[in-house]
K.L.:
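The structure's right below; bear with me while I get my questions together.
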Amino acid sequence: MSAPVTPRRLTLRILRSAPGAHVEPQWQDFAVEEAEGMTLFIALNEVRQNLDPSLQFDFVCRAGICGSCGMLIDGRPGLACRTLTKDLGATITLAPLPVFELIGDLSVNTGKWMRGTAERLETWIHSQQAPALTAFEAPMEPELAEAIYELDRCIECGCCVAGCGTLRMREDFVGAVGLNKIARFRLDPRDERSDEDFYELIGDDSGVFGCMSLLGCHDVCPKGLPLQTQIAFLRRKMAVVGFK
């Protein structure tokens, strides 16, 4: 009979900050005993429940759907609820996602950035037809519906934004999440906009031509969206419009 395995003792090294409190950000270590199947979300909850109730971090679904728990995990953007501690070292550094407005500790306001991008890029269906609330839904080819759904899986977690080198240099860059939404509505047959209309939204250096193709967004997307393919496709389509 094999001897029981001693659980690891994890150290969560968290960047603590409180905007508006006039306190310099500082690292603080918390010791947590690792459990079977433990995620960073569980470990952070143990810290908040048993060690420091003032620790700020966000969560809703705990299943990689809401995107609330995005943070820098050992310097790489990721979701706390989808990250198993067994895949990390004994010391884990956690920091808030860059680019977004900091609320405190690991909590950032992704919603403000996402809403601003949605309003700027007009990410809703544009149609001259009045909505018919009692009409049957218009049929759509399964392949097209699947392609739209694939892009609609974005959970707006902000990981692609935080991993984008272009956004570090251009604050007005729309990011992969914005370009992905344009690609989604460009596919939708209910949206009556032309490529010329989309060019007005993303046909400059703050849009698709500003992307440096470093592909940090593609590498860190927790949903595995085809961001690399969509950005390259949009760039070709917008270039055709620009040369007309």
Side-chain angles (χ1 to χ4, degrees), residues 11-30 39-41 43-44 47-48 54-60 64 66-83 87-89 91-121 123 154-181 202 205-208 210-225 227-228 231:
T11 298
L12 302 186
R13 182 160 295 160
I14 302 174
L15 186 61
R16 304 297 302 273
S17 56
H22 307 291
V23 178
E24 288 293 321
Q26 57 184 338
W27 294 98
Q28 185 174 0
D29 290 354
F30 297 96
T39 64
L40 274 179
F41 163 77
L44 286 169
V47 170
R48 187 152 67 182
S54 70
L55 178 64
Q56 297 184 73
F57 65 97
D58 300 315
F59 69 94
V60 178
C66 71
S68 299
C69 63
M71 59 187 67
L72 289 184
I73 304 168
D74 287 340
R76 181 184 176 88
L79 299 181
C81 70
R82 293 283 296 273
T83 303
D87 296 330
L88 304 171
T91 298
I92 306 168
T93 60
L94 303 174
L97 293 178
V99 179
F100 303 105
E101 178 184 340
L102 179 63
I103 297 173
D105 297 335
L106 303 175
S107 177
V108 295
N109 191 348
T110 55
K112 180 179 179 180
W113 195 94
M114 295 296 175
R115 176 165 183 168
T117 300
E119 292 175 348
R120 173 182 168 188
L121 297 181
T123 54
C154 173
I155 57 176
E156 298 187 353
C157 62
C159 288
C160 67
V161 174
C164 178
T166 304
L167 261 165
R168 300 298 184 91
M169 296 181 290
R170 291 193 63 107
E171 292 184 358
D172 60 345
F173 183 56
V174 299
V177 63
L179 296 175
N180 180 74
K181 287 186 178 298
I202 61 168
D205 286 344
S206 67
V208 72
C211 174
M212 297 187 297
S213 301
L214 300 176
L215 305 181
C217 57
H218 186 90
D219 292 340
V220 301
C221 177
K223 305 303 287 186
L225 295 177
L227 300 176
Q228 173 185 0
I231 291 173

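The first residue of the sequence shown is numbered 1, and numbering continues consecutively from there.
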K.L.:
Going by distance alone, is a donor N or O of one side chain under 3.5 Å from an acceptor N or O of the other, for Thr83 and Arg76?
P.N.:
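Side-chain D/A pair, Thr83 to Arg76: absent.
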K.L.:
If you measure from CD1 on Ile92 to CG on Asp29, what distance do you get to the nearest 0.5 Å?
P.N.:
11.5 Å
K.L.:
Under 4.5 Å between any side-chain heavy atoms of Arg120 and Ser206, yes or no?
P.N.:
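Yes, their side chains come closer than 4.5 Å.
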K.L.:
Looking at every heavy atom in both Arg16 and Ser54, which two are closest together, and how far apart are they?
P.N.:
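Looking at all heavy atoms of both residues, the closest pair is NH2-OG, 3.1 Å.
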K.L.:
Would you check if the side chain of Lys223 reaches a backbone N or O of Gly64 as a donor-acceptor pair within less than 3.5 Å?
P.N.:
yes
K.L.:
Could you list the residues that satisfy ring-ring contact (aromatic ring centres under 6.0 Å, His included) with Phe41, not counting sequence neighbours?
P.N.:
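ring-ring contact (aromatic ring centres under 6.0 Å, His included) list for Phe41, sorted by chain: Phe59.
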K.L.:
Which is it for Trp113 and Val177 under the side chain to side chain contact (heavy atoms under 4.5 Å, CB included) test, yes or no, and what are the steps along the way?
P.N.:
CA-CA 11 Å; Trp113 195 94; Val177 63; 3.5 Å; yes
K.L.:
Is any side-chain heavy atom of Pro19 closer than 4.5 Å to a side-chain heavy atom of Glu101?
P.N.:
no
K.L.:
Drop me the distance from Leu106's CG to Leu55's CG, to the nearest 0.5 angstrom.
P.N.:
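CG of Leu55 is found 6.0 Å from CG of Leu106.
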K.L.:
So how far is it from Leu102 CG to Ser17 OG, rounded to the nearest 0.5 Å?
P.N.:
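So the gap between those two atoms works out to 4.0 Å.
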K.L.:
Which pair of non-hydrogen atoms, one from Cys221 and one from Leu227, has the smallest distance, and what is that distance?
P.N.:
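The pair with the smallest heavy-atom distance is CB-CD1, 4.1 Å.
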K.L.:
May I ask you to say whether Asp172 pairs ionically with Arg170, meaning some side-chain N is under 4.0 Å from a carboxylate O?
P.N.:
yes
K.L.:
Of all the heavy-atom pairs spanning Gly210 and Thr166, show the shortest one and how long it is.
P.N.:
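The pair with the smallest heavy-atom distance is O-CG2, 3.4 Å.
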K.L.:
Would Leu44 and Leu94 count as a side chain to side chain contact (heavy atoms under 4.5 Å, CB included) if you check the C-alpha gap in whole Å, the side-chain angles of each, and the deciding distance to 0.1 Å?
P.N.:
CA-CA 10 Å; Leu44 286 169; Leu94 303 174; 3.8 Å; yes
K.L.:
Please report the closest heavy-atom contact between Thr110 and Phe100, naming both atoms and the distance.
P.N.:
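Taking Thr110 first and Phe100 second, the nearest heavy atoms are CA-CD2, 3.8 Å.
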K.L.:
Could you tell me the separation between the CD1 atom of Ile231 and the SG atom of Cys211, rounded to the nearest 0.5 Å?
P.N.:
4.5 Å
K.L.:
For residues Thr123 and Thr117, determine if any side-chain heavy atom of one lies less than 4.5 Å from a side-chain heavy atom of the other.
P.N.:
no
K.L.:
Mind checking the NE2-OG spacing from His218 to Ser213? Nearest 0.5 Å is all I need.
P.N.:
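Answer rounded to 0.5 Å: 12.0 Å.
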K.L.:
Which atoms form the tightest heavy-atom contact between Pro222 and Cys159, and what is the distance?
P.N.:
CD-CB, 4.1 Å
K.L.:
Of all heavy-atom pairs between Ser68 and Asp58, which one has the smallest distance, and what is that distance?
P.N.:
O-CB, 3.4 Å
K.L.:
Less than 4.5 Å apart, side chain to side chain, heavy atoms only: is that true for Pro98 and Leu72?
P.N.:
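Yes, at least one pair of side-chain atoms sits under 4.5 Å.
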K.L.:
Could you check whether any side-chain heavy atom of Pro96 comes within less than 4.5 Å of a side-chain heavy atom of Leu15, counting everything from C-beta outward?
P.N.:
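Yes, close enough: below the 4.5 Å cut-off.
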K.L.:
State, with a plain yes or no, whether a side-chain heavy atom of Met114 is found less than 4.5 Å away from one of Lys181.
P.N.:
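Counting from C-beta outward, Met114 and Lys181 never come under 4.5 Å.
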K.L.:
Would you give the length of the straight line joining atom SG of Cys154 to atom CG of Asn180, rounded to the nearest 0.5 angstrom?
P.N.:
5.5 Å
K.L.:
Going by heavy atoms in the side chains, are Leu12 and Leu40 under 4.5 Å from each other?
P.N.:
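They are in side-chain contact.
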K.L.:
Has the side chain of Asp74 got a donor or acceptor atom that lies under 3.5 Å from a matching backbone atom of Thr93?
P.N.:
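Checked: pair present.
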